[in-house]
Amino acid sequence: MNLIWGSLCQEALSILAENAELNEEDGRGIAFRRAEAVLKALPRAVRKLTELKGLPCLGEHSLRIIKASGKAAEVEATKQSERYKALKLLTGIFGVGAKTADRWITMGIYNLQQLQSSGPTLNQAQQAGLEHYEDLNQPVTRAEADHIGEIVRRVVLCVLPGAQLTLIGGFRRYTSRAALDLINIADHLTAKICTDADGIVDILNRGKPTGHDVDFLITHPEEGREVGLLPKVVSLLKSQGFLLYQKTTKNSYLESEDRPTQPSSNMDRFERCFSIFRLKRNPGTTLVKPDTSPRSSSCTQSQSERHSHQESAEVRGNGSESRPKSWRAVRVDLVVSPISQFAFALLGWTGSKLFERELRRWAGHEKAMSLSSHALYDTKQLPESSFRGGDICSPGPGVHPSIREKRLKRPAERPWDTQLWRVADHLGPAFGSDCRYSLESNRQIHWFVTY
DNA sequence: CGGCGTACG
DNA sequence: CGTA
DNA sequence: GCCG
């Protein structure tokens with residue numbers, strides 16, 4: 001099997017995985033994903049099928065696909081199947097998952113025209129997703145990601161001076177040191193699972209040139225300062241015309257009015273925002289420069305070009321020839337994390353779904369721990385007594401769990417978990433300047449001391 | 001034959 | 001239900 | 001679909 005064959009086989013397995021996922025057969029889906037990842041992880045081209053003997057996750061079905069050099073009839077049939085095509089098309093709409101797509105197909109909806117004419121009620125996300133269908137299914141370049149990052153950074157710094165904005169997800173390039181420590185985790189994965197080429201190899205060298213969205217992680221070196229940040233950032237971005245859609249809060253305009261503000265008690269706990277960003281096409285010669293003067297801080301600058309509503313760029317009938325839009329829509333995710341959870345968030349937002357799942361599965365099954373983008377818990381320990389619901393614990397040398405009590409999912413019986421070791425303590429230096437907390441604390445690094 | 005990640009909006 |  |  002030469003390289004060409006190899007990639008053909010990977011594509012074939014990917015089709016089968018995707019088809020399973022679209023049909024809500026998640027188990028089969030992940031099985032095919034693992035098989036695909038095993039092929040991807042092979043260090044060299046395979047010439048004979050016997051060389052695949054002994055590899056994990058390659059069972060009868062997957063081997064059959066590989067034998068056919070990825071040209072198995074099943075794969076071709078799947079690709080041409082009307083149901084597969086429709087599911088892929090409809091779930092390509094932001095806000096539409098396999099369940100909704102399946103329901104629509106049952107109603108006879110197989111394409112966007114049918115969706116628009118026979119109008120089932122669309123929620124706000126789906127409306128926005130449909131409106132920007134074309135743009136959102138277009139790859140995002142690294143340059144576009146950086147440009148968005150500069151815009152977001154301005155607003156974030158405006159709302160909270162000293163805050164840090166980090167590009168995460170597939171675009172992020174991990175340092176070699178980060179790679180080493182991640183491999184410490186991944187080694188166990190390779191030994192035990194050996195599946196996720198995407199995770200074990202590519203994640204560590206990710207830095208992809210393109211992506212389907214842009215993810216940012218926001219934090220502040222002083223624990224707690226990040227609380228309530230997200231609604232303000234979103235509000236400001238929106239007021240400046242950068243957000244075509246956002247899901248964080250419907251209370252959008254609390255910013256400009258100086259009312260006796262609600263003590264930000266309730267509404268500011270949001271930590272994720274899924275948005276659709278309005279990015280001007282040719283960034284122009286005026287590239288964003290960090291504004292050093294405190295006065296005229298660029299907060300007030302908005303997108304120069306107001307929304308000229310001659311847009312409506314979706315499936316328009318032909319005839320109206322319009323000049324190309326001066327902007328495009330991009331999916332942008334904003335994540336806010338307290339500094340004590342920063343490394344968890346980095347690890348949890350690598351952008352590789354399979355890697356995340358395998359890592360967490362391994363943590364649970366092999367280590368009796370539970371890993372999330374907030375913390376790592378021992379599933380056998382009782383929770384710390386000092387929890388207060390809704391609070392975020394301060395990071396102490398006593399290694400307090402940085403998590404809210406209400407987030408603990410506790411099976412009624414089994415005692416469950418205080419956090420043991422904060423991954424931050426182990427990964428911190430690996431992430432270099434990204435993890436100020438660990439650098440400053442300068443503590444001895446013990447990598448999963450219980451191994 | 002059961003399990004297949006774990007959260008948030 | 002959707003998102004990552 | 002593959003694994004324990």
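All of these numbers come straight from a predicted model, not from anything done at the bench. Chain naming here is simple, since letters A, B, ... match the order of the sequence lines and numbering starts at 1 in each.
Side-chain N/O atoms of A/Arg360 include none lying less than 4.0 angstrom from OP1 or OP2 on B/dG5. Distances shorter than 4.0 Å separate some side-chain N or O of A/His212 from OP1 or OP2 on C/dA4. Applying the 4.0 Å criterion to OP1 and OP2 of D/dC2, one finds that A/Ser62 has a side-chain N or O inside that range. Distances shown here put every side-chain N or O of A/Thr91 at or beyond 4.0 Å from the OP1 or OP2 atom of C/dG2. A close approach under 4.0 Å does occur between a side-chain nitrogen or oxygen of A/Thr100 and OP1 or OP2 of C/dG2. At B/dC4, none of the side-chain N or O atoms of A/Arg34 fall inside 4.0 Å of OP1 or OP2 (strictly under the cut-off). Distances shorter than 4.0 Å separate some side-chain N or O of A/His365 from OP1 or OP2 on B/dC4.
Nearest heavy-atom pair, A/Gly162 versus A/Pro221, reported as atom, atom and distance to 0.1 Å: O-CD, 3.3 Å. Contact detail for A/Lys208 and A/Phe171: the closest heavy-atom pair is O-CD2, 3.1 Å. Of all heavy-atom pairs spanning A/Lys325 and A/Asp135, the tightest one is NZ-OD2, 2.8 Å.
Using a 4.0 Å heavy-atom criterion, one finds that A/Gly27 contacts the bases of the nucleic acid, with or without backbone contacts as well. Looking at heavy-atom distances under 4.0 Å, A/Arg103 makes no contact with the nucleic acid at all. Note on A/Phe32: only backbone sugar-phosphate atoms sit closer than 4.0 angstrom, heavy atoms only; bases stay farther off. Using a 4.0 Å heavy-atom cutoff across all strands shown, A/Glu60 reaches sugar-phosphate atoms only and no base atom. Within the nucleic acid shown, A/Val335 has no heavy atom closer than 4.0 Å to any nucleic acid atom.
Taking atom CD on A/Glu356 and atom C1' on B/dC4, their separation rounds to 16 Å, with Å as the unit. At whole-Å resolution of the value, CZ in A/Arg361 and C1' in B/dG2 are 13 Å apart. Computed from coordinates, the A/Leu371 CG to C/dA4 P distance equals 19 Å when rounded to whole Å. Per the geometry, CH2 belonging to A/Trp349 stands 17 Å off P belonging to B/dG5, to the nearest Å. Protein atom CD of A/Glu24 is 11 Å distant from nucleotide atom C1' of C/dC1, rounded to whole Å. Look at CD1 on A/Ile93: it is 13 Å from C1' on C/dG2, rounded to the nearest Å. Rounded to whole angstrom, the span from the CZ atom of A/Phe277 across to the P atom of C/dT3 amounts to 21 Å. What separates OH of A/Tyr245 from C1' of C/dT3 is a distance of 9 Å, to the nearest Å.
Checked against D/dC2, C/dA4, B/dA7, the side chain of A/Asp215 finds its nearest nucleotide in C/dA4. When the nucleotides B/dG5, B/dA7, C/dT3 are ranked by their closest atom to the side chain of A/Arg357, B/dG5 comes out on top. Picking from C/dA4, C/dC1, B/dT6 the nucleotide with the shortest atom distance to the side chain of A/Asp213 gives C/dA4. If you check D/dC2, C/dT3, B/dG9 against the side chain of A/Glu271, the one that comes closest is B/dG9. Nearest nucleotide to the A/Lys353 side chain, out of B/dA7, D/dC2, B/dG5: B/dG5. Closest to the side chain of A/Asp333, out of B/dG9, B/dT6, C/dA4, is C/dA4.
Contact of A/Arg272 with B/dA7 (side chain to base): a donor-acceptor pair of N or O atoms is detected under 3.5 Å.
In the displayed structure, A/Glu51 atom CD is contacted under 6.0 Å by more than 12 heavy atoms of other residues, nucleotides or ligands. For A/Lys85, the NZ atom is densely surrounded, since the number of other residues' heavy atoms within 6.0 Å is greater than 12.
Ring centroid separation for the pair A/Phe94 and A/Tyr245 comes in under the 6.0 Å cut-off.
C/dT3 and B/dG5 have their C1' atoms separated by 14 Å, with the value rounded to a whole Å.
Between the CG atom of A/Leu115 and the OH atom of A/Tyr110 there is a distance of 14.0 Å, given to the nearest 0.5 Å.
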